[in-house]
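Read through the structure below, which is laid out as structure tokens, and then see the notes.
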Amino acid sequence: MILKPFLEANRIEAGCDEVGRGCLAGPVVAAAVILPGDYSNQWINDSKKLGKRQREDLIEEIKDKALAWQIAEASVAEIDKINILNASFLAMTRAVKGLNILPEHLLIDGNRWRSQLTIPHTCVIKGDGIYANIAAASILAKVHRDNFMEKLAEKFPHYAWERNAGYPTKAHRSGIETHGSCIWHRTSFRLMKEQIVLDL
């Protein structure tokens, strides 16, 4: 299925998405992408619906064909200070501000958006499966973040980040339980599941 190229024709729309909100470790990463109005690619879709090889194969295609693209982050310290939702907005704002073309409208994946930017916007629930520019942003952000966490895993091998990218898998939590947390863990998150205590 080919995703929609735009919400409204003949205006510069940037698709925006983020990845890593549900992770226990690492930054939240966002991307913004402006695609040509006549662009079409049957393989571009929600990054979660694509395999790793498919996402990586699409990276250069997106960067080459996009009118503008940018990837940005909000750090672990920022996540812990302002909470993950606001950090996600911050990362997306940075991505939009980094574009070398000023968009006339933003398509935001999800149901909420808050920013100091004054650009008009539309929030689209599950937009990364509807609009190509949001899907392209999700692919750029996910590949960037996955690669970042794989590199971190070389220095912090106890948490299986090369496989789970910082999400709360059994292997990740087992690593925290055995070795403790590290500087890349989000201290504002519950790193371990609450223990069930039986009153016997």
Closest approach of G22 to P168 (non-hydrogen atoms, all atoms of both residues): O-CD, 3.4 Å
Presence of salt bridge, K65 and E61, under 4.0 angstrom: yes
Atom pair CZ/CG of F89 and N83 - distance to nearest 0.5 Å: 9.0 Å
Polar side-chain atom of R145 near backbone of V28 as donor-acceptor pair, under 3.5 Å: no
Over all atoms of both residues, closest heavy-atom pair of A141 and V19: O-CG2, 3.4 Å
Validation row, ring centre H185 to ring centre Y159 under 6.0 Å: yes
Side-chain (N86) to main-chain (I82) donor-acceptor, under 3.5 angstrom: yes
Smallest separation among heavy atoms of L50 and I139, with atom names: CD1-CD1, 3.7 Å
More than 12 heavy atoms of other groups within 6.0 Å of N100 CG: yes
Pair D128, S138: side-chain N/O donor-acceptor within cut-off below 3.5 Å: no
K52/E150 salt bridge by N-O under 4.0 Å criterion: yes
Side-chain donor-acceptor contact under 3.5 Å, T122 with H105: yes
Closest non-hydrogen atom pair between E78 and S75, with its separation: OE1-N, 2.8 Å
Any donor-acceptor pair under 3.5 Å from E162 side chain to M149 backbone: no
Closest non-hydrogen atom pair, G37 against P5: O-CB, 3.6 Å
